[in-house]
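Both ligands and their constituent atoms are indexed starting at 1 by order of listing.
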Amino acid sequence: MSSTYLITGGAGFIGSHLAESLLADGKTVQVIDDLSTGSLQNLQSVLDHPRFTLTVDTIMNRQLMADLIDRADYVCHLAAVVGTRRVLESPINTIHNIVVGTSNVLELASEKGKVVYVASTSEVYGKSRDLPFTEDGDLVLGPTNKGRWSYACSKAIDEYLALAYHWERQLPVVVGRHFNTVGPRQSARYGMVLPRFIEQALAEQPITVYGDGSQRRCFCYVDDVVWAIKRLVTRADNYGKVFNIGACDEITILDLARLVKDKARSSSKIVFVPYDVAYDDNFEDMVRRIPDLRRLQEATGYRPRTGLAEIIDRIMELQMASAA
Ligand code: UDP
């Protein structure tokens, strides 16, 4: 019989790609999503699939989660608030859902002996300058009056909890720290830079670079992330460990704006928006963020397969096809 995966947040950007890929592998997929930032649109290609079920509800519904986890072999826990903007707008909800939601998943999975993948984030490295970031390196978070850090801190608690469940209760759990994942279906609505720049360029609107654009990021294609998640969760050697998942090619945000403008053959102006206008005074950006991928490479043979120029082409092609 094919194994069953429960994907929390499966109607979201990464979750929906994971659902498609697992179904293509012959697995059975259950998704729970409250559609707060995910959408049915994301799941359009799988909604009628015979091995797919969707439950529209919150992961805070414990009884329901108990039933869903009962029926699963693997739980991929991806449900969380997305986007810096939403984190700043509703911090109580952010902290509560991340910490209590994950705690519920881990407790239920541990009672039922199920394997869990916990999606964490490169945000946990915070202001560390110890590049590239290694999984055992220090986390350097900002003060509690700067809202951005509530997300990183909550995700760090999730990681502590996951590792504690592994250590104290032998839960088979693996943590992935996602670094700036991009690809088709990522919404521009939640502030993420690449979909915003593409939308702005295609609409011939100003491309909004925050600060002076010298901050740098490494962007990773969603299919590479899905590839890594599938391999991490199915190998017992990986349980009880944390893995960076991303790509290593850095680009400044200003160069990203130029690249997108160029690829879209757009006449958009590139404009600089001060941070206090873009977010508020309560914001601190990270200057650089590069993953050390050695642990992931050694465990799975991982190599990011899709470069940024190709990623941008693919996203734009699909966007233009769906607009036509
Ligand atoms: N950014 C930008 N213009 C935008 C949106 C974001 O210059 O319209 C910048 C943002 O300040 C950050 C980088 O792009 O330095 C990546 O932002 P994103 O929210 O995509 O991810 P982060 O790396 O901050 O989690």
Side-chain angles (χ1 to χ4, degrees), residues 12-14 37 80-89 94 98 119-129 131-133 139-142 146-156 176-203 205-222 225 244-261 264 266 268-291 308 311-312 315:
F13 162 53
I14 301 176
T37 51
V81 173
V82 282
T84 314
R85 206 169 288 279
R86 276 177 70 90
V87 171
L88 295 175
E89 277 164 11
T94 301
I98 293 176
S120 183
T121 167
S122 57
E123 284 269 330
V124 297
Y125 291 106
K127 295 188 276 189
S128 170
R129 302 217 166 207
L131 291 161
F133 295 146
L139 311 184
V140 185
L141 302 188
K146 305 252 182 215
R148 167 174 205 151
W149 304 113
S150 65
Y151 179 67
C153 194
S154 307
K155 284 288 192 179
R177 286 185 183 155
H178 298 197
F179 282 68
N180 293 80
T181 308
V182 290
R185 302 205 290 262
Q186 184 175 34
S187 170
R189 217 173 308 148
Y190 309 113
M192 274 74 159
V193 67
L194 185 58
R196 271 176 68 84
F197 283 4
I198 291 176
E199 193 172 280
Q200 291 164 341
L202 292 177
Q205 300 287 322
I207 300 178
T208 53
V209 170
Y210 297 163
D212 64 4
S214 63
Q215 69 274 34
R216 301 188 225 174
R217 294 292 187 272
C218 305
F219 293 95
C220 184
Y221 195 52
V222 64
V225 175
N244 289 333
I245 305 180
C248 296
D249 293 337
E250 267 194 304
I251 184 166
T252 67
I253 296 301
L254 179 55
D255 282 343
L256 180 71
R258 291 183 179 132
L259 181 63
V260 170
K261 177 178 151 92
S266 168
S268 293
K269 280 204 182 83
I270 295 176
V271 297
F272 294 92
V273 181
Y275 281 115
D276 56 346
V277 176
Y279 301 98
D280 61 23
D281 290 341
N282 229 2
F283 191 75
E284 289 183 296
D285 203 3
M286 288 164 172
V287 185
R288 292 177 74 191
R289 203 193 251 170
I290 313 170
L308 187 55
I311 294 174
I312 295 172
I315 298 173

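Using a 4.5 Å cut-off on side-chain heavy atoms (C-beta onward), Cys218 and Phe179 make no contact. Thr37 places none of its side-chain heavy atoms less than 4.5 Å from the side chain of Ser187.
Contact between Ala80 and Ile98 at its shortest, heavy atoms only, is CB-CG1, 4.4 Å. Here the closest non-hydrogen pair linking Ala201 and Val260 is CB-CG1, 3.8 Å. Summarising the geometry of Phe219 relative to Ala247, their closest heavy-atom pair is O-CB, 3.5 Å, with the distance given to 0.1 Å. Listed here is the closest heavy atom pair of Arg185 and Phe13: C-CD1, 4.0 Å. Of all the heavy atoms in Leu141 and Glu123, the pair that sits closest is CD2-O, 4.2 Å. Closest approach of Val87 to Gly147, counting heavy atoms only: CG1-O, 4.1 Å.
For atom 8 (O) of ligand 1, the nearest protein heavy atom (residue, atom name, distance) is Arg196 NE, 2.6 Å. The nearest protein atom to atom 10 (C) of ligand 1, hydrogens excluded, is given as Tyr279 OH, 3.6 Å; this is a heavy-atom distance.
Remark: the Asp285 side chain and the Tyr275 side chain contain an N/O donor-acceptor pair separated by less than 3.5 Å.
By the criterion of a heavy-atom distance under 4.0 Å, the side chain of Asn180, and not its backbone, is placed next to ligand 1. With a 4.0 Å cut-off on non-hydrogen atoms, Gln186 does not touch ligand 1 at all. Both the backbone and the side chain of Val193 come within 4.0 Å of ligand 1, counting heavy atoms alone. At a 4.0 Å heavy-atom cut-off, ligand 1 touches Arg289 through the side chain alone. Contacts of Thr208 with ligand 1, taken as heavy-atom pairs under 4.0 Å, involve both backbone and side chain.
Close contacts between ligand 1 and Val209 involve ligand atoms 7 (O) [criterion: under 4.0 Å to a heavy atom]. Those atoms of ligand 1 that come under 4.0 Å of a heavy atom in Glu123, given as number and element, are 25 (O). Taking every non-hydrogen atom of Gln215 and a distance limit under 4.0 Å, the qualifying atoms of ligand 1 come out as 9 (C), 11 (O), 15 (O). Of all atoms in ligand 1, listed by their number and element, those nearer than 4.0 Å to a heavy atom of Gly191 are 5 (C), 6 (C), 19 (O). Near Ile253, with a cut-off below 4.0 Å to any heavy atom, the atoms of ligand 1 are 7 (O), 13 (C), 14 (O). Against a heavy-atom cut-off of under 4.0 Å, Arg148 is close to the following atoms of ligand 1: 24 (O), 25 (O).
A salt bridge links Glu250 and Arg288; the closest N-O separation between the charged side-chain nitrogens and carboxylate oxygens is under 4.0 Å.
Of the candidates Arg217, Arg288, Met192, the one placing a heavy atom closest to atom 23 (O) of ligand 1 is Arg217. The residue from Tyr190, Tyr275, Tyr210 that puts a heavy atom closest to atom 2 (C) of ligand 1 is Tyr210.
Here's the thing with Asp285: one of its N/O atoms is less than 3.5 angstrom from an N/O atom of ligand 1.
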